[in-house]
Structures are given as structure tokens and as C-alpha cells.
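Below: the structure, in C-alpha cells.
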Amino acid sequence: MKILILSGRFGFGHQMAANAIMEEFKRQALDAEIIQKDLPAYFYPKLSKLIYKVFGLVAERYHGIYNLVYKISGKINSGNRPSGPVIYRKFQKMMEEYTPDVIVCTHPFCEKSAATYKAKSGDKVPLVTSITDISMHKEWFSNQTDLYLAPTIEVKDNLTRFGALPGNILVTGVPVRQQFLGTGGRETDEDEKHVLVMGGGLGIMPELEDLLYTLHEMPGVRATVITGKNQKTYETWKGCFDDIEVLGYVDNIGTYMRKADLVITKAGGITLFELLHSQVPMFIIRPFLEQESVNARYAQKKGFAHVIWDKKADFTAELKRLLKAPERLEEMQACMARARREMMDTELSQAVGEMRKRGQDYHLSRHCQYIGEFSREEYGYEENAQNWRRFACHRAAML
């Protein structure tokens with residue numbers, strides 16, 4: 001069985017969700033062949049670095065433009081409109097190269113590309129879309145998607161309004177890696193508060209200087225700052241404070257989350273669900289990207305995030321009050337546990353089991369069809385073709 005997982009590095013949440021799904025496939029199906037691809041890099045190997053560099057620049061410095069494009073594209077329902085012939089030919093070439101039994105997409109561009117291929121080729125290969133935004137952006141919907149992994153019940157309701165069948169929507173949350181699942185409890189220190197500061201994969205954290213000096217000046221507070229792949233931020237602040245550890249990109253971020261009493265972070269979709277599984281409250285400072293604002297409002301409504309919205313408000317005073325109120329932190333943690341139960345009704349392991357079943361059914365039907373066509377061409381009569389088809393189906397079912 002072959003699984004093709006497609007994503008893109010527009011931020012790192014999409015890639016992390018893809019990694020989580022890949023990990024679960026490996027855990028369940030040791031003999032499966034898993035191909036994971038950055039689709040923009042596969043389609044445009046010479047341009048992808050520039051594309052991602054421009055994206056990062058716009059997201060960091062020109063977020064007004066980013067938000068405008070995001071809002072406009074969200075008003076366009078392209079579920080019935082496949083992409084052009086260039087995308088189709090590129091995707092067809094990839095399908096001929098890898099011949100997958102399941103396609104899993106964690107970014108709208110990947111889903112639309114796969115949907116274009118399915119619409120124009122007639123291929124019935126199962127297409128699975130894992131939605132990494134709490135906001136139901138219309139770019140996530142496609143008539144050719146066979147199974148959705150929705151982050152919340154509300155997103156499932158939106159998908160059904162767009163035309164998706166409820167039985168083809170599993171509410172899994174945004175998939176997170178194994179290190180965030182079954183953690184075995186928090187590892188906090190009763191004698192001091194530990195604060196984790198994260199700026200997402202791009203390492204973008206607004207007003208970081210004021211934040212770090214505030215944390216440094218608070219007695220009984222230690223902090224860890226993870227700058228991701230933002231090398232400039234890492235080099236600027238590493239070693240500046242004896243009570244603040246500054247790290248770059250780390251693979252075991254779940255370990256740092258379990259030791260934290262509070263996480264100060266951007267409201268990215270993947271980060272929100274990693275924290276939900278780790279049961280650590282969030283502190284969000286003036287979200288500026290549109291989908292992160294939606295995520296922050298949702299987390300605030302559910303009671304597990306403290307959000308600073310006012311651009312003129314003194315967020316340092318709010319942070320100090322929160323860290324000095326252990327009962328408030330405990331209340332937020334209880335809200336996280338309740339929200340997790342309310343938001344999701346399917347474990348990732350169950351969703352991957354369903355993907356495997358659909359992939360095996362497709363593999364079986366494709367194998368039977370191939371053998372049937374081969375026997376008709378070779379021997380020229382239907383009775384023999386039917387015998388060959390029955391034999392092929394029996395053999396495929398045993399694989």
C-alpha cells in the first residue's frame with residue numbers, strides 16, 4: 001500500500017500536520033510505503049525557495065496585504081472549479097511516478113491540485129484533506145475530496161453546508177505528532193513558574209524585547225524561548241539573561257510544553273492543538289494574521305487563552321497578573337480539558353485506520369480492473385477475464 005502525503009511550507013503548521021499523519025501511518029502500517037512531498041517544491045523546484053521567502057516576508061512585515069488576500073480568497077467558492085492544464089499535467093506525472101493508493105493533503109493548494117487531477121482523469125483514488133485552520137476558509141472545500149479531517153465540530157457543520165457528506169467528515173482536531181499524545185501528565189515545578197515563549201516555525205513574536213525584560217524582572221519566573229528557524233532572533237537574544245533559555249528549532253517541543261505553566265505564542269492552528277493535547281494555557285499578544293485572529297477568538301471563547309487585543313494596552317501588566325494568579329491558570333487548564341472533549345470526536349489513530357481501509361479498497365479495485373483488462377486483451381473472451389479478476393481480487397485481499 002502506498003500513501004502520498006502532500007503539504008507546503010507556508011508557515012510550518014501544514015508541514016507538522018503532515019508529519020503527524022505520517023507518524024501514525026508508520027505506527028499502524030509498518031509495511032506501507034509513505035511518500036511525503038512538498039508540492040510547490042515538486043512542481044516548481046527552481047522557484048519554490050523564492051515563493052516561500054516572499055511568503056515569509058509578507059507574513060512578517062506586510063500582514064495587511066496578507067490578510068486582504070486571505071479574506072478575498074475566502075469569499076471565492078472554488079469547490080467546483082478545478083485548476084488549469086499545467087497543474088493537471090504536473091500532478092499526472094507525479095501520479096504515474098508514485099501510483100499511490102491514498103492521497104492526503106494538508107494545504108489547500110495541494111487539495112486543489114489533487115482535485116484537478118481527479119476531475120480530469122476520472123481516477124477514483126481516495127483524496128483526504130486535513131484542515132489546519134479553525135476558520136472554515138472556502139479554499140479547503142473540494143467536490144473531489146473523499147474524506148475530511150476537520151479541526152472542530154463547527155468546521156464540520158460548515159463543510160456540510162458546502163455540500164460534503166457528514167459521513168465523510170471526521171472531527172480529529174489538527175493532527176499533532178506522537179510526542180504530544182499520551183504525555184503522562186505535566187512536569188511543572190511548584191516552586192517557580194515556567195513560561196514558554198514560541199513564535200511559530202518562522203519565529204515571529206511581536207514585542208519580544210518588552211516581553212523578555214518583563215519575564216526577567218519577575219521573581220520566581222523562568223522562561224524558555226524557542227525561536228524556530230529565525231536565526232536572527234536566536235542570535236540576538238541567546239545568552240542575554242541567566243534566567244531565560246533561548247533555543248532555535250527543536251524536535252522535542254512537547255517536552256518543553258509539559259514543563260510550562262503558561263505558553264506565550266502565536267495562535268497558529270497546529271500550535272493551538274499541540275497545547276490542547278499538552279494541556280497548557282495560552283497567552284496571545286495582539287494577533288495580526290487573519291486566521292490566527294480567528295484561532296485566538298475561538299480559544300478565548302473556550303476559556304483556555306488569555307488574549308491581548310488592544311494595541312495600546314500594557315500586555316506586561318496583564319501577564320504579571322496572570323502569572324500571580326494560580327487559580328486562574330488552573331481554571332484555564334480545566335477549560336482546555338473540557339474544550340478538547342467538545343471540539344474533537346475522533347482520534348487520529350481512528351482516522352488513519354479509515355484512510356487505510358479506503359486505500360485498500362482502492363488498491364483492490366485497481367488491481368482487479370488491471371487484471372481483468374489484461375486477460376481480455378490477452379485471451380479475448382469475458383469468461384476467462386472474470387476468472388482472472390476473481391483470482392486477482394483474492395490475491396490482493398490477502399496482501
Side-chain angles (χ1 to χ4, degrees), residues 1-7 17-18 21-37 39 42 79 82-83 87-107 110-131 140-150 159 163-170 172 175 346 348-376 385-386 388-399:
M1 184 178 180
K2 292 183 181 180
I3 301 99
L4 178 61
I5 303 176
L6 304 175
S7 189
I21 294 170
M22 179 187 67
E23 281 185 358
E24 184 58 30
F25 262 113
K26 286 184 175 179
R27 192 183 71 83
Q28 289 193 26
L30 298 177
D31 58 341
E33 180 180 352
I34 303 173
I35 305 108
Q36 188 173 358
K37 289 292 177 183
L39 194 62
Y42 181 89
S83 302
I87 292 294
Y88 170 69
R89 288 195 296 270
K90 288 178 178 291
F91 206 94
Q92 184 182 39
K93 178 183 176 183
M94 184 173 61
M95 291 295 291
E96 291 171 351
E97 181 178 357
Y98 297 115
T99 61
D101 299 303
V102 179
I103 302 172
V104 183
C105 299
T106 64
H107 190 276
C110 304
E111 179 196 29
K112 292 301 177 187
S113 300
T116 294
Y117 167 78
K118 288 190 64 176
K120 294 187 177 183
S121 68
D123 196 333
K124 301 299 183 183
V125 58
L127 172 57
V128 181
T129 298
S130 176
I131 300 174
W140 284 107
F141 174 72
S142 170
N143 289 328
Q144 286 74 34
T145 293
D146 300 285
L147 184 68
Y148 288 96
L149 307 188
L159 286 169
L165 297 175
N168 290 332
I169 307 170
L170 304 178
T172 60
T346 305
L348 179 59
S349 58
Q350 295 171 291
V352 168
E354 178 63 22
M355 292 185 229
R356 290 178 59 201
K357 179 181 180 299
R358 295 189 182 213
Q360 288 165 351
D361 289 345
Y362 173 76
H363 177 86
L364 178 62
S365 65
R366 183 175 59 178
H367 199 63
C368 293
Q369 181 182 5
Y370 170 77
I371 293 294
E373 291 173 355
F374 170 79
S375 58
R376 279 196 298 273
Q386 291 175 350
W388 270 103
R389 189 182 295 109
R390 282 193 291 268
F391 173 72
C393 290
H394 175 69
R395 287 297 303 276
M398 296 176 64
L399 296 177

Evaluate side chain to side chain contact (heavy atoms under 4.5 Å, CB included) for Met22 paired with Lys26, printing each intermediate quantity in order. CA-CA 6 Å; Met22 179 187 67; Lys26 286 184 175 179; 4.0 Å; yes

With Leu149, the side chain to side chain contact (heavy atoms under 4.5 Å, CB included) member among Thr346, Ile169, Val128: Val128

Nearest-0.5 Å distance that lies between atom OH in Tyr148 and atom SG in Cys105: 10.5 Å

Can you tell me if Asp123 uses its side chain to pair, donor with acceptor, with the backbone of Lys118 under 3.5 Å? no

Is it true that Glu111 and Ser142 share a donor-acceptor pair across their side chains at a distance under 3.5 Å? no

Heavy-atom pair of closest approach, residues Ser130 and Trp140: O-CZ3, 3.4 Å

Could you check if a side-chain atom of Leu39 sits within less than 4.5 angstrom of a side-chain atom of Ser113, using non-hydrogen atoms only? yes

Measure the acute angle between the ring planes of Tyr98 and Tyr42, then classify it against the limits of 30° and 60° as parallel, tilted or perpendicular. tilted

To the nearest 0.5 Å, tell me how far Ser349 OG sits from Arg27 CZ. 6.0 Å

Quick one: NZ on Lys2 to OG1 on Thr99, what's the gap to the nearest 0.5 Å? 3.0 Å

Approximate separation, where rounding is to 0.5 Å, of Thr129 OG1 and Ile103 CD1: 10.0 Å

Pairwise distance OH(Tyr362) to CG(Leu127) - rounded to 0.5 angstrom: 11.5 Å

Is a side-chain donor or acceptor of Arg358 paired with a backbone partner of Asp146 at a separation under 3.5 angstrom? yes

Would you say the side chain of Met355 lies within less than 4.5 Å of the side chain of Ile3, judging by non-hydrogen atoms? no

Might you point out which heavy atoms bring Pro100 and Val125 nearest each other, and give the distance in Å? O-CG2, 3.8 Å

Go through the steps for Arg356 and Met1 under the test side chain to side chain contact (heavy atoms under 4.5 Å, CB included), then give the verdict. CA-CA 8 Å; Arg356 290 178 59 201; Met1 184 178 180; 4.3 Å; yes

Check against side chain to side chain contact (heavy atoms under 4.5 Å, CB included), Lys37 and Leu4: CA-CA 8 Å; Lys37 289 292 177 183; Leu4 178 61; 4.2 Å; yes

Show the nearest heavy-atom pair for residues Pro126 and Asp101, with the distance to one decimal. CD-O, 3.1 Å

Do NZ/NE/NH1/NH2 and the carboxylate oxygens of Glu97 and Lys93 come within less than 4.0 Å? no

Rounded distance (nearest 0.5 Å) linking atom CG of Leu147 with atom CG of Leu170: 5.0 Å

